[in-house]
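This report refers to the structure that appears directly beneath it.
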Amino acid sequence: MSLAAGLGVRPAIAGAKTQLKLSHQLGATHPSFQAAERMAAAIEERTGGELSIAIFPNSALGSPPETVKQAQLGAIDLVMFNPPNIEAQDKSAGVIQIPYQFDGYEHAHRVLGETARPWLDAFLERNGLVWIANFEYGFRALSNSRRPVLTPDDVKGLKLRVPPELSIQATFEALGANTQTIAFGELYLALSSGTVDGQDNPISVDYANKFYEVQSHIATTRHIYTSFMLTGNPRSLGKLSDEHRAILSEEAIKAGREAQTEVQAGEEDMLARMEAEGVQITRPEPGPFRDMMGPAWERLRERIGGETWDAWMGYVEAARVA
């Protein structure tokens, strides 16, 4: 469903001042945080202050599943999140994080922005949200405090923190790791205390949260792409004038593309900075890891459902040959 149409709510009176509340979990050094700030400033400037966005970063209003629930209820107007964060309420969300399905950033962006967009629109609609723009979280890397990772055997026996998402848990268990679910806000302490040996997150997240202070190895495994989508409550968005909805859409899409470019461009610089802090960086070939994914794919297909799995893989393949 388009942001600019189909919301079925009378638009606001021209000139009325409106402030929308936006929640996300990122810290100030993340490119998507910075792009969202620029987006908000541009929207306020273009609307002459008639539309403004109050941003609550760093999970100030709750975890991603909690803030999505608030957005569904209308307590928050806008929320940026990765759909698999809510796979507990809609298991089909797991398709986005099927391990080793994407060839690279360009391929992932084509799937999520083009071939699978109708599917994503329907997914968000049935979960009480409207898609606005894709920002960037990125491909996940594996960090740990025990040894460099170059082959799947190097992952065996590691104690790894995972979020409450089956795709990530299944990926590492297929590689022989021992997984433990720990909230993101508790992760730095868990790493520093040795509760777990390591974790996985995009490089920009590792850098922004200074995990390099408590991890000695980072492997650019790129096992899972983590999306980051700006979505909104349809009632909140439906109250905006057509002009304001169009400005919000235009500035969000622009900011999202900037974030995607900046995350990719910044990864090598962040890796170099972490290497200068004493972290050993390894760049394993993906093929041997992909070859180990059979058990993970089976678990995910069973949870997601064969029909949904096959349809999604059709979008993935269509983007590959486009």
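Positions are given from 1 along the sequence. Quick caveat, the model's predicted, so the values are computed rather than measured.
- Residue R235 comes nearest to G74 through the heavy atom pair NH2-N, 3.9 Å, listed as atom of the first residue, atom of the second, then distance.
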Assess whether side chain to side chain contact (heavy atoms under 4.5 Å, CB included) is satisfied between K239 and N233, documenting all intermediate values.
CA-CA 10 Å; K239 294 175 183 177; N233 175 278; over 6 Å; no
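- Under the 4.5 Å side-chain contact rule for hydrophobic residues, I218 and L191 do not share a cluster.
- In this structure, the side chains of F56 and I76 stay at 4.5 Å or more apart for every pair of heavy atoms.
- F211 has its side chain out of reach of M274: every pair of non-hydrogen atoms, C-beta onward, lies at least 4.5 Å apart.
- The main-chain N or O of K17 is never found under 3.5 Å from a side-chain atom of E50 such that the two would form a donor-acceptor pair.
- A continuous path of Ile, Leu, Val, Met, Phe, Trp and Tyr side chains, each step under 4.5 Å between heavy atoms, connects F135 with I55, placing both in one hydrophobic cluster.
- Counted within 6.0 Å of CD on E243, heavy atoms from surrounding residues, nucleotides or ligands total 12 or fewer; the atom is thus considered open.
- A pairwise comparison of heavy atoms in V111 and A319 identifies CG2-CB, 3.4 Å as the closest pair.
- Distance CD/E44 to CD/Q19: 8.5 Å, rounded to 0.5 Å.
- Considering every non-hydrogen atom in both K156 and L175, the closest pair reads CG-O, 3.4 Å.
- Summarising the geometry of I96 relative to F102, their closest heavy-atom pair is O-CE1, 3.8 Å, with the distance given to 0.1 Å.
- Taking the side-chain contact (heavy atoms from CB on, under 4.5 Å) definition, one finds that N58 meets it with nothing, sequence neighbours left out.
- Every residue two or more places apart in sequence or in another chain that forms a side-chain contact (heavy atoms from CB on, under 4.5 Å) with A252 is listed here: M39, I132, A133, L230.
- Among D77, L51, I53, the one residue that satisfies the side chain to side chain contact (heavy atoms under 4.5 Å, CB included) test with T18 is L51.
- Counting heavy atoms of neighbouring residues, nucleotides and ligands inside a 6.0 Å radius, atom CD of E302 does not exceed 12 of them.
- Residues T231 and N127 form no side-chain contact, since every pair of their non-hydrogen atoms from C-beta on lies 4.5 Å or further apart.
- Remark: T221 engages H223 in a side chain to side chain donor-acceptor pair (under 3.5 Å) (not counting sequence neighbours).
- A heavy-atom distance below 4.5 Å is found between the side chains of L300 and P99.
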Donor-acceptor pairs under 3.5 angstrom involving side-chain atoms of residues 281-289: please list them, not counting sequence neighbours.
unit_1: T282; atom_1: OG1; unit_2: V149; atom_2: O; d: 2.7
unit_1: R283; atom_1: NH1; unit_2: E268; atom_2: OE2; d: 3.2
unit_1: R283; atom_1: NH2; unit_2: E268; atom_2: OE1; d: 3.0

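- The side-chain heavy atoms of N134 and H109, taken from C-beta on, include no pair separated by under 4.5 Å.
- The shortest distance between side-chain heavy atoms of W312 and I304 does not fall below 4.5 Å.
- Atom CD of residue E307 and atom CZ of residue R301 lie 10.5 Å apart, to the nearest 0.5 angstrom.
- For the pair F184/Q25, no side-chain contact is recorded, criterion being any heavy-atom separation below 4.5 Å from C-beta on.
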From CA spacing to verdict: side chain to side chain contact (heavy atoms under 4.5 Å, CB included), L124, V130:
CA-CA 6 Å; L124 290 168; V130 176; over 6 Å; no
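- Judged purely by distance below 3.5 Å, without hydrogens or angles, the side chains of S227 and N82 pair a donor atom with an acceptor atom.
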Salt bridge (Lys or Arg N to Asp or Glu O under 4.0 Å) for E106 and R110? Distances and angles first, verdict last.
CA-CA 6 Å; E106 184 178 352; R110 282 201 302 270; 3.0 Å; yes
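- Of the possible donor and acceptor atoms, one in the side chain of Q34 sits under 3.5 Å from a partner among the backbone N and O of A28.
- Judged purely by atom type and a 3.5 angstrom limit, S192 uses its side chain to pair as donor or acceptor with the backbone of L189.
- Nearest approach of L237 to G232, heavy atoms of both residues: CD1-CA, 3.8 Å.
- Put simply, the side chain of Q72 never gets that close to the backbone of T67: no donor and acceptor are under 3.5 Å apart.
- Inter-residue side-chain proximity for Y315 and L120 is flagged as unmet; no heavy-atom pair is nearer than 4.5 Å.
- Note on Y100: it clusters hydrophobically with L166, by side-chain heavy-atom contacts below 4.5 Å among ILVMFWY residues.
- Scanning all heavy atoms of the two residues, the minimum distance from L160 to S143 falls at CD2-O, 4.4 Å.
- Legend: residues meeting side-chain contact (heavy atoms from CB on, under 4.5 Å) with T261, ordered by chain and number and at least two apart, are absent.
- Screening E136, Q97, R140, Q101 for a side chain to side chain donor-acceptor pair (under 3.5 Å) with Y225, the sole residue that qualifies is E136.
- Checking D206 against Q199 by side-chain atom types alone, a donor-acceptor pair falls below 3.5 Å.
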May I have the step-by-step check of side chain to side chain contact (heavy atoms under 4.5 Å, CB included) for T195 and E186, ending in yes or no?
CA-CA 11 Å; T195 301; E186 302 169 9; over 6 Å; no
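- No side-chain donor-acceptor contact under 3.5 Å links D269 to the backbone of G266.
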What verdict does the salt bridge (Lys or Arg N to Asp or Glu O under 4.0 Å) test give for E317 and R320, after you've listed the backbone C-alpha separation in whole Å, the side-chain angles of each residue and the deciding distance to 0.1 Å?
CA-CA 5 Å; E317 189 59 30; R320 181 171 287 122; 2.8 Å; yes
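- Note on L112: it does not cluster hydrophobically with I253, by side-chain heavy-atom contacts below 4.5 Å among ILVMFWY residues.
- Atom CD of Q169 and atom CZ of R299 lie 5.0 Å apart (nearest 0.5 Å).
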Applying side chain to side chain contact (heavy atoms under 4.5 Å, CB included), run through Y137 and M80 and close with a yes or a no.
CA-CA 11 Å; Y137 219 62; M80 300 174 77; over 6 Å; no
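- The main-chain N or O of F139 is found under 3.5 Å from a side-chain atom of Y105 such that the two form a donor-acceptor pair.
- Interatomic distance, CD1 of I203 versus OG1 of T220, reported as 6.0 Å (0.5 Å rounding).
- Formation of a donor-acceptor pair under 3.5 Å by the T171 side chain with backbone atoms of S167 is found in this model.
- For the ring-ring contact (aromatic ring centres under 6.0 Å, His included) test, residues two or more places apart in sequence or in another chain that qualify with F123 are W119.
- In E45, the CD atom is not crowded: 12 or fewer heavy atoms of neighbouring residues, nucleotides or ligands sit closer than 6.0 Å.
- Side-chain atoms of R245 come within 3.5 Å of backbone N or O of L240 as a donor-acceptor pair.
- Checked by atom type and distance alone, the side chain of E277 never pairs as donor or acceptor with a backbone atom of R273 at under 3.5 Å.
- Of the possible donor and acceptor atoms, one in the side chain of H107 sits under 3.5 Å from a partner among the backbone N and O of V316.
- Cluster annotation: M313 and M293 are assigned to the same hydrophobic cluster (Ile/Leu/Val/Met/Phe/Trp/Tyr, side-chain heavy-atom contacts under 4.5 Å, transitive).
- Going from atom CG of D200 over to atom OG1 of T226 covers 7.0 Å, rounded to the nearest 0.5 Å.
- For R303, the CZ atom sits in a packed shell: over 12 heavy atoms of surrounding residues, nucleotides or ligands are nearer than 6.0 Å.
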